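Some notes on the structure that comes next.
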Amino acid sequence: MKRIVIFASGNGTNAENLIKFFHNREMASVIQVLTNNPHAKVLDRAKAYKVSGLSFNRVAFTVTDDVLHLLKASKPDLIVLAGFLWKFPQKILNAYPNKVINIHPALLPKYGGKGMYGMRVHEAVVKNKETETGITIHYVNEHYDEGAIIFQAKCHVHETDSAQDVADKIHELEMEHFPKVVEDLLHE
Ligand code: GAR
């Protein structure tokens, strides 16, 4: 069975969707959820499915290598960033080449980079009167939102759409596609 470890910072609807999708499947399972936020709702979601959830601080992530050691013990086949807001350390990327992926709520390279996450992305899309937006699933490299693109899906933005309307459409795309893309990657 392939082992998936998820990093998330907040609500965790994508993490939960992945946990559910692979629940009781033979090919893969989400074995751990790691977060930089001890109060993140994603920890409750993991717990509800009896998936191990742990929080860590910046020192453990970037200085002492505690998180890297934790990963070494968990032996992930794929590391999935699902709404994870900290930059991923080069040391962990080096340990898992082509095994760290991220989901971004826009059509990269548009609306990516530091500070571009969640509603901020959708507000910018509406403000700029874009007629389409979407989701991007990509490999993670040392720059925010710049690794090789694996998958994109698009949706229309209507003139009357609010940022929340766009967020709802993006959420639907994420729920539909993210688990399947993860599954395909694990089959490769
Ligand atoms: C998702 O829309 C994800 O694409 C986005 O954060 C949201 C997390 O929602 N990620 C980024 O903006 C990364 N730059 P969730 O916690 O409910 O899964």
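Read the numbers this way: they start at 1 and go in the same order the structure lists the ligands and their atoms. All heavy atoms count here, side chains included; hydrogens, waters and symmetry mates do not. None of these values were measured; they are calculated from a predicted model. The first residue in the sequence is number 1, and the count goes up from there.
Remark: Lys41 NZ is loosely packed, at most 12 non-hydrogen atoms of other residues, nucleotides or ligands lying under 6.0 Å away. Environment of CD in Glu142: crowded, with over 12 heavy atoms of neighbouring residues, nucleotides or ligands closer than 6.0 Å.
The closest approach between any non-hydrogen atom of Val121 and ligand 1 is not below 4.0 Å. Heavy atoms of Arg120 come nearer than 4.0 angstrom to ligand 1 in no pair at all.
Residues in residues 71-81 take part in these side chain to side chain donor-acceptor pair (under 3.5 Å) pairs, two or more places apart or across chains: Gln32-Ser74.
Residue contacts with ligand 1: Gly12 is placed with a nitrogen or oxygen under 3.5 Å of a nitrogen or oxygen of the ligand (distance criterion only). Any N or O atom pair closer than 3.5 Å counts here, and Gly10 shares no such pair with ligand 1. Residue Asp145 places no N or O, backbone or side chain, under 3.5 Å from any N or O of ligand 1. By the 3.5 Å distance cut-off applied to N or O atoms, Tyr117 is not counted among the residues near ligand 1. Every N/O-N/O distance between Asn102 and ligand 1 stays at or above 3.5 Å.
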**Message:** Run the side chain to side chain donor-acceptor pair (under 3.5 Å) test on Asn37 and Ser9 for me, step by step, so that the C-alpha distance in whole Å, both residues' side-chain angles and the decisive distance to 0.1 Å come before the verdict.
**Reply:** CA-CA 6 Å; Asn37 174 5; Ser9 297; over 6 Å; no

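For Phe84 and Phe61, the distance between ring centers is under 6.0 angstrom.
In this structure, Phe151 and His177 have tilted ring planes: the angle between them lies in the 30° to 60° band.
Contacts of Glu174 with ligand 1, taken as heavy-atom pairs under 4.0 Å, involve the side chain alone.
With hydrophobic clusters built from ILVMFWY side chains whose heavy atoms lie under 4.5 angstrom apart, Leu186 does not share a cluster with Met1.
For atom 11 (C) of ligand 1, the closest non-hydrogen atom of the protein is Pro105 CD, 3.5 Å.
Here the shortest heavy-atom distance to atom 14 (N) of ligand 1, taken over His104, Met175, Lys114, Met119, belongs to His104.
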